[in-house]
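Written out below as structure tokens is the structure these notes cover.
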4 protein chains.
Amino acid sequence: MSRMPGAYLEARTTEIRDAAMRVFVRKGINAATMQDIASEAGMSAGAIYRYFESKDQLVQAVFEYCREENRALFEDRRPEGASLLEAFVGVGRTVWDEFGEPGARDRFAVRLAATLAGSREDDPLGGEMRRMHTDVLDRIESFVRQIQDAGELRRDIDPHALALTILSAVQGLRMLFVEFDEQIETEGVLEILNRMLRGFMPVREEN
Amino acid sequence: MSRMPGAYLEARTTEIRDAAMRVFVRKGINAATMQDIASEAGMSAGAIYRYFESKDQLVQAVFEYCREENRALFEDRRPEGASLLEAFVGVGRTVWDEFGEPGARDRFAVRLAATLAGSREDDPLGGEMRRMHTDVLDRIESFVRQIQDAGELRRDIDPHALALTILSAVQGLRMLFVEFDEQIETEGVLEILNRMLRGFMPVREEN
Amino acid sequence: MSRMPGAYLEARTTEIRDAAMRVFVRKGINAATMQDIASEAGMSAGAIYRYFESKDQLVQAVFEYCREENRALFEDRRPEGASLLEAFVGVGRTVWDEFGEPGARDRFAVRLAATLAGSREDDPLGGEMRRMHTDVLDRIESFVRQIQDAGELRRDIDPHALALTILSAVQGLRMLFVEFDEQIETEGVLEILNRMLRGFMPVREEN
Amino acid sequence: MSRMPGAYLEARTTEIRDAAMRVFVRKGINAATMQDIASEAGMSAGAIYRYFESKDQLVQAVFEYCREENRALFEDRRPEGASLLEAFVGVGRTVWDEFGEPGARDRFAVRLAATLAGSREDDPLGGEMRRMHTDVLDRIESFVRQIQDAGELRRDIDPHALALTILSAVQGLRMLFVEFDEQIETEGVLEILNRMLRGFMPVREEN
DNA sequence: TATGAATGAGTGTTCATTCAT
DNA sequence: TATGAATGAACACTCATTCAT
């Protein structure tokens, strides 16, 4: 009736999605009732159905949101004017910065839940998650290869294995971050990983 | 001829617990009905209640089982006659061997679910999981310190950070192992971590 | 035009409670399913839970209602301008009038059920029922004492025993009223009791 | 296989019936499981089915037993050599003696439960109970008539009403006896009733 | 005959979803 | 459009009853 119908709708949708995310993290997806979510969003349970077809779709939307957040993080971060290895380290910095952002734990928890849900038999979500992680993995691996090609990393390092190790460490740390309710000293881990990378640099002299 | 007192009961209990684990992994804990579990175990739903007081207790039993399996893994593996660092690498070998064991993916998936459940507001499980992980973390950290004391690792490596990094990598890899349905080349990761450790060895002068 | 705030809720609650009472009397409390009650109330089983937390609470509500009805009956009925004994007889009249009221048999049956339930080991209801009956008993007894003090009843009548006798007769008659489905000539009993009381009047010399 | 098969069977049957009665009183008929009864009787749940076809039949047997006990009480108690009124009072004595017998409360409680059960829609037990009470009532009424005929009771007393009053008082007192867990001074009530009867004697002289 | 493990029908309860207002 | 009462399908759990041992 008024103008900007789309904007309003989108704002409400986001509001509900965020409320749902908070409740999911707090009580678990199954234990969260539509009533809980509605209360958190400050509306009635029935109203949610104007924005989401079903609870399932709402769950998918929350998953989607967190997945996209993650995907975006790993994309196209290539600070100029540094060595490739330093650029790679810079991406690490960006990834680690997320630990300090508000709501990070909640997003991590949802991603964890999504991963778990995706691992279920015939869950359509599984494909999405796997695709995203394969994508991230490929990106890291190709980055590593470039660093190797630039002569900044030993050639006897398996790029796939290194990518897998790094992604594992990131995911595992996020898991612990969720589990220990943010009481984790994440910086030390980044430093260890960076030192590992530097340790993998080719020995220049004498060579 | 008459009854096998505790043996039968225990066997049955284990049977149900394992059936439950499989169903939990396949369908998720909440979606798994007692009927599903009973069918998987080849019995009627009512019969389960002879062995477990409630679905909740069954879930706890499955969690407990997987938790203990994990705890045991990290305990007191110290192969004789090798340097401490090599012993540490040996523990890594043992931990990695689990990836090849039957049912490993299921156990990992359950631990993931348990971690997630434990991260919920006021979930009593949370404490258990955190305690176990803290325990494992402490064990790794103290191991690292011993290696440092033996002069086999640089002193400027933060033992806590290294322990955290290693545990993160293990947990993250398990997560990916679950997600990619065992299609993960885990060995490469172990190798990378071992190379990292060797890279952290002090530079011997005479070498 | 919008909603009637408390009135609707209270009306609905009463409706359900009354429906439950009818079903309880007809089929017994345990045999009465929530479905039965819902059907009697013309709604779905789930809807009841908007008004009562559980079947147990519904049972308590029915008990409570019948208990209060009974308590109210024995309270403060003191018609003016008559002798105390006549006032007492008047209370009897009031109590007996209940036999003629619609729904009386149902309420009696519920009270019977409540008494029985309260007699169970550790049933919390027991205390409530005993307290109410002790209260009624005390009220009758003190009334009898006042009549004695006013010289309208022999002093060698034990007030407690008389109160107990009267309450017993009332309760027993109600029980038979329930059992014989209202086909009981209750009036005769009141008359007998009144004659008994008159028989207990002191023999006036000049009479 | 041994001799006295019938005696053994009967003994077991009685044992189970009594155990059932105790459990019924303690926990209520519906809450009492066959397991509870079996435990109380010191046997396995399955074994009961050798003696009773179903729980329902067991309930009926317990009801039957208590009903017969009651019927027997009111039968043929006519002490010789006294006035009819005194004989009537003697019957009262006998009835009241039951209050002091062991297990009286339990039997009363079961009778109460039976009455309640019998009051339900289409319950076949109802007829039995009503028949018994009608029988008792008739017996009392005819006794009262005989006393009137013997000139020991005023003719303007309605025998039916008096019988109803007496039975009501007995039943009501038993109910309170159950409710207050035997902490009831029953003797006083008998005395009141006896005084009432004496008050109903015709005034001999001057007439 | 006794046992007690297993069955399976039945019940209370929850909650996503709908719809009259 | 929003509300929240109502629905109804689904599920955990209980327990009378059966039956192999």
Side-chain angles (χ1 to χ4, degrees), chain A residues 1-2 5 8-9 12 30-39 41-59, chain B residues 1-4 8-9 12 30-38 41-59, chain C residues 1-4 8-9 12 30-38 41-59, chain D residues 1-2 5 8-9 12 30-39 41-59:
Chain A
M1 213 132 277
S2 75
Y8 176 75
L9 190 131
R12 286 301 256 180
N30 280 279
T33 69
M34 292 302 269
Q35 191 49 249
D36 289 334
I37 297 166
S39 298
M43 61 199 325
S44 73
I48 295 179
Y49 287 82
R50 292 224 157 255
Y51 304 91
F52 295 92
E53 282 196 1
S54 66
K55 184 182 177 183
D56 230 63
Q57 292 241 338
L58 182 48
V59 172
Chain B
M1 201 132 285
S2 58
R3 69 213 77 119
M4 315 167 228
Y8 177 74
L9 189 135
R12 220 64 219 270
N30 281 280
T33 68
M34 291 305 269
Q35 191 49 250
D36 290 334
I37 297 165
M43 62 201 324
S44 72
I48 296 178
Y49 289 85
R50 240 172 214 294
Y51 303 91
F52 294 92
E53 283 195 1
S54 65
K55 184 181 176 182
D56 225 65
Q57 291 237 342
L58 182 48
V59 172
Chain C
M1 202 130 283
S2 58
R3 67 216 78 119
M4 317 168 224
Y8 177 74
L9 190 136
R12 219 65 219 267
N30 281 281
T33 68
M34 291 303 271
Q35 191 50 250
D36 290 334
I37 297 166
M43 62 199 326
S44 72
I48 296 177
Y49 288 83
R50 238 170 216 295
Y51 304 91
F52 295 92
E53 283 196 1
S54 64
K55 184 180 178 183
D56 226 67
Q57 291 237 343
L58 182 48
V59 172
Chain D
M1 211 132 278
S2 74
Y8 177 73
L9 190 130
R12 287 299 256 178
N30 279 280
T33 68
M34 291 303 268
Q35 190 50 247
D36 289 335
I37 297 166
S39 298
M43 61 200 325
S44 73
I48 295 178
Y49 287 82
R50 291 220 159 259
Y51 303 92
F52 295 91
E53 280 195 2
S54 66
K55 184 182 177 182
D56 230 63
Q57 292 241 338
L58 182 48
V59 172

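Note that these values count all heavy atoms, side chains included, but never hydrogens, waters or copies made by symmetry. Sequence lines set the chain letters: A, B, ... in the order given, protein chains first and strands last, and positions in each chain run from 1.
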Quiz item: Given that A31(C) and T33(A) both sit by DNA chain E, which one's nearest nucleotide is further toward the 5' end?
Solution: A31(C)

Self-check item: E53(A) atom CD, neighbour heavy-atom count above 12 within 6.0 Å
Solution: no

Self-check item: Residue whose closest nucleotide on DNA chain F lies nearer the 5' end, S44(C) versus A45(B)
Solution: S44(C)

Quiz item: Rounding to a whole Å, what distance do you find between I48(D):CD1 and dA2(E):C1'?
Solution: 12 Å

Quiz prompt | Residue pair R12(D), M43(D): steps toward the side chain to side chain contact (heavy atoms under 4.5 Å, CB included) verdict | solution = CA-CA 10 Å; R12(D) 287 299 256 178; M43(D) 61 200 325; 3.4 Å; yes

Self-check item: Phosphate contact (dA2(F) OP1 or OP2) by Y51(A) side-chain N/O below 4.0 Å
Solution: yes

Self-check item: Residue mapping more 5' on DNA chain E - nearest nucleotide basis, G46(C) or G46(B)
Solution: G46(B)

Quiz item: Is the phosphate of dC15(E), meaning OP1 or OP2, less than 4.0 Å from a side-chain N or O of Y49(A)?
Solution: no

Self-check item: Residue matched to dC15(F) through Watson-Crick or wobble contacts both under 3.5 angstrom
Solution: dG8(E)

Quiz prompt | Side-chain N,O (R50(A)) to OP1/OP2 (dT1(F)) below 4.0 Å | solution = no

Quiz item: Which whole-number value in Å describes the distance from F52(D) CZ to dT18(F) C1'?
Solution: 19 Å

Practice problem: Could you state the atom-to-atom distance from NZ of K55(C) to C1' of dT11(E) in whole Å? | Solution: 8 Å

Practice problem: Compare side-chain N and O positions of Y8(B) against OP1 and OP2 of dG4(E) and report whether any pair is under 4.0 Å apart. | Solution: no

Quiz item: How long is the line joining CE of M34(C) and P of dT7(F), in whole Å?
Solution: 13 Å

Quiz item: Rounded to the nearest Å, what distance is computed from the CG atom of residue N30(D) to the P atom of nucleotide dT11(E)?
Solution: 12 Å

Practice problem: Calculate the interatomic distance between E53(C) atom CD and dT13(E) atom P; express it in whole Å. | Solution: 10 Å

Quiz prompt | First of D56(D) and R12(C) reached from the 5' end of DNA chain F, by closest nucleotide | solution = R12(C)

Exercise. Go through the side-chain N and O atoms of D36(A) and S39(A) and say whether any donor and acceptor fall under 3.5 Å apart.
Key: no

Quiz item: What integer distance in Å separates Q35(B):CD from dA12(F):P?
Solution: 9 Å

Quiz item: Considering every strand shown, what is the Watson-Crick or G-U wobble mate of dA20(E) when both distances are under 3.5 Å?
Solution: dT3(F)

Quiz item: NA contact type, A32(D), heavy-atom cut-off 4.0 Å: base, sugar-phosphate, or nothing?
Solution: sugar-phosphate

